[in-house]
Amino acid sequence: MKDNKSNINFSQISKEEKSKLKHRIERSVYTYAQKRRIKKYAFRFAAASILLLVSIGIFNHQNQTDSPIESFVNSSTSDHQTNEVQLILNDNKNIEITDENLEITYSNNGENVAIGKSKSVNQKLEESKEMVFNTLIVPYGKRSEIVLSDGTKVWINSGSKLIFPATFLKGNREVYLEGEAIFDVTHNKHQPFIVKSKNQDIEVLGTVFNVSNYDDDDAVFTILKSGSINLHYKNTNLLYSQSELKITPNTLATYHKEAKTIHTETVGVETYFSWRDGVFIFKNDALKTIMKKLSRYYNVEISITDKDLANQTFSGYLDVNQDLEHVMQIIKEAESAQFNYQLTTNKKLIIN
């Protein structure tokens with residue numbers, strides 16, 4: 001078989017044709033080399049991407065490893081239903097606390113617990129490195145105060161739960177909150193105080209702040225009165241497992257759970273601390289917001305039948321040391337809105 005190349009007479013090709021032929025050959029070689037390089041770099045990029053994703057997964061897994069208190073919370077399956085404030089000690093001993101003895105004080109070693117001014121209980125703490133946790137449950141309609149073993153004082157609002165070590169060992173001082181509480185943290189620069197909860201962690205050395213994180217609220221509210229705190233918001237984003245924010249006094253930080261966005265603003269802090277003293281302060285708050293707080297405070301189911309009325313705003317001071325009937329009269333008389341309400345015998349308040 002003859003070689004087709006022998007049929008080409010290169011001596012008869014013009015200089016211009018030779019130049020075009022050379023250009024086509026060079027471009028063909030270049031294109032081939034480019035394809036090889038693209039395949040090579042595409043493979044390397046894919047491998048690097050897989051490695052990056054695996055590394056991020058490992059990093060997030062390591063950073064999301066539960067702390068001892070979170071492991072305790074996740075493993076606690078018992079649901080203690082009670083109408084009274086209840087303290088659960090390490091031996092699962094339940095102590096009901098009456099209205100006359102709402103102040104609880106722990107000794108430095110956590111073994112002696114004073115309840116009110118006349119009652120005390122003891123719990124045996126094993127001499128080990130294992131953390132021992134206690135739980136304080138405050139049902140709707142009740143409030144409580146507790147002084148932890150490090151001297152930190154906590155005011156706990158209705159429908160809340162505080163889980164804490166009987167005594168703090170080495171490392172961070174960590175507690176876990178469901179609901180709302182005010183913290184006056186004892187300063188200790190060697191042991192930061194961390195309030196853990198669903199969606200966020202609060203890190204502090206010594207300060208006064210309020211945090212409200214109820215499951216049925218759309219947002220988490222953190223208000224700083226003095227000192228400074230670092231907020232660590234948790235989310236499910238693959239690349240960013242947490243968002244951090246440092247706030248200063250008179251700042252309200254709002255974390256919207258669904259949108260996973262954070263908003264800060266300067267506020268009058270007393271509005272968020274006054275419930276500790278039995279006073280609710282409202283400034284242009286929707287009636288439905290006010291009623292939600294009163295519902296928790298008095299342990300009463302409240303429904304507003306008129307949607308426009310539910311969104312109408314109110315301002316004023318409410319002395320919630322008074323009964324609900326008295327508080328409702330104050331709201332009705334103080335505002336121009338016309339509404340009626342009915343308090344039924346089975347603890348339901350209907351507003352229309």
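Start at 1 with the first residue, then count along the sequence. Quick note: numbers below take in every heavy atom, side chains included, and nothing from hydrogens, waters or symmetry partners.
S160 places a side-chain N or O within donor-acceptor distance of the main-chain N or O of E180, the cut-off being under 3.5 Å. At least one donor-acceptor pair closer than 3.5 Å links the side chain of T152 to the backbone N or O of T186. Counting only distance, with no hydrogens or angles, the side chain of D277 and the backbone of V279 share no donor-acceptor pair below 3.5 Å. In this structure a side-chain-to-backbone donor-acceptor pair under 3.5 Å is present from N311 to K307. R296 places no side-chain N or O within 3.5 Å of a backbone atom of S158 that could act as its donor or acceptor partner. For the pair N172 (side chain) and E174 (backbone), a donor-acceptor distance under 3.5 Å is absent. Side chain of S144 to backbone of V138: no donor-acceptor contact under 3.5 angstrom is found. Remark: the backbone N or O of N230 is not paired with any side-chain donor or acceptor of E244 at under 3.5 angstrom. A donor-acceptor distance shorter than 3.5 angstrom exists from the side chain of S295 to the backbone of V300, with no hydrogens or angles considered. Panel note: side chain N134, backbone L87; no donor-acceptor pair is recorded below 3.5 Å.
With contacts defined as side-chain heavy-atom distances shorter than 4.5 Å, the pair L148/F193 qualifies. Between N340 and K332 the shortest side-chain heavy-atom distance falls below 4.5 Å. With contacts defined as side-chain heavy-atom distances shorter than 4.5 Å, the pair I331/M291 qualifies. Contact annotation: the side chain of I262 approaches that of Y233 to within less than 4.5 Å [non-hydrogen atoms, C-beta and beyond]. Residues L349 and Y341 form a side-chain contact, since some pair of their non-hydrogen atoms from C-beta on lies under 4.5 Å apart. Two residues are said to be in side-chain contact when any heavy atoms from C-beta on lie closer than 4.5 Å; I247 and F209 fail this criterion. When side chains are defined from C-beta on, T248 does not count as touching S228, because their heavy atoms never get closer than 4.5 Å. With contacts defined as side-chain heavy-atom distances shorter than 4.5 Å, the pair L169/M131 qualifies.
A salt bridge does not link D184 with K225: none of the charged nitrogens is closer than 4.0 Å to a carboxylate oxygen. With respect to E178 and K198, no salt bridge is recorded, no charged nitrogen being found less than 4.0 Å from a carboxylate O.
For E265, the CD atom counts as densely surrounded, since its 6.0 Å shell holds more than 12 non-hydrogen atoms of other residues, nucleotides or ligands. Heavy atoms of other residues, nucleotides or ligands lying less than 6.0 angstrom from CG of D218 number 12 at most.
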**Item:** Candidate pair K257 and N213, rule side-chain contact (heavy atoms from CB on, under 4.5 Å), full reasoning
**Value:** CA-CA 10 Å; K257 297 176 183 178; N213 190 358; 3.6 Å; yes
**Request:** In sequence, state the C-alpha distance, the side-chain angles, and the governing distance for F280 and Y297, and then conclude on ring pair (Phe, Tyr, Trp, His ring centres under 6.0 Å).
**Result:** CA-CA 10 Å; F280 281 4; Y297 200 87; 5.1 Å; yes
**Request:** Apply the test ring pair (Phe, Tyr, Trp, His ring centres under 6.0 Å) to residues Y106 and F164: give CA-CA distance (whole Å), side-chain angles for both, the deciding distance (0.1 Å), then the verdict.
**Result:** CA-CA 11 Å; Y106 274 66; F164 54 94; 5.3 Å; yes
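In this structure, CG in D323 is found 11.0 Å from CG in N321, a value given to the nearest 0.5 Å.
Two different hydrophobic clusters hold I281 and L318 under the rule that ILVMFWY side chains link at heavy-atom gaps under 4.5 Å. If you chain together hydrophobic residues whose side chains sit under 4.5 Å apart, I194 and F72 never meet in one group. Linking ILVMFWY residues whenever their side-chain heavy atoms come closer than 4.5 Å, directly or via other members, places I330 and L343 in the same cluster. Transitive grouping of hydrophobic side chains (ILVMFWY, heavy atoms separated by less than 4.5 Å) keeps Y317 and V320 in distinct clusters. Taken together through direct or relayed side-chain contacts under 4.5 Å among Ile, Leu, Val, Met, Phe, Trp and Tyr, V220 and I156 form part of one hydrophobic cluster.
The two residues H187 and R173 make their nearest non-hydrogen contact at C-NH2, 4.4 Å. Listed here is the closest heavy atom pair of V267 and Y272: CG2-CE1, 3.8 Å. V195 and L177 get closest at one heavy-atom pair: CG1-CB, 4.1 Å. Between M328 and I351, the shortest heavy-atom contact is CE-CD1, 3.9 Å. Nearest heavy atoms, R143 versus V85: O-CG2, 3.9 Å. When every heavy atom of N122 is checked against every heavy atom of L89, the shortest pair comes out as O-CD1, 4.5 Å.
Checked options L136, L162, V147, I104; the residue passing with V154 is L162 (criterion: side chain to side chain contact (heavy atoms under 4.5 Å, CB included)). K119 pairs with exactly one of I97, V113, I95 by the side chain to side chain contact (heavy atoms under 4.5 Å, CB included) rule, that one being I95.
Between Y214 and Y140, the ring planes lie parallel to each other; the angle is under 30°, not in the 30° to 60° tilted range.
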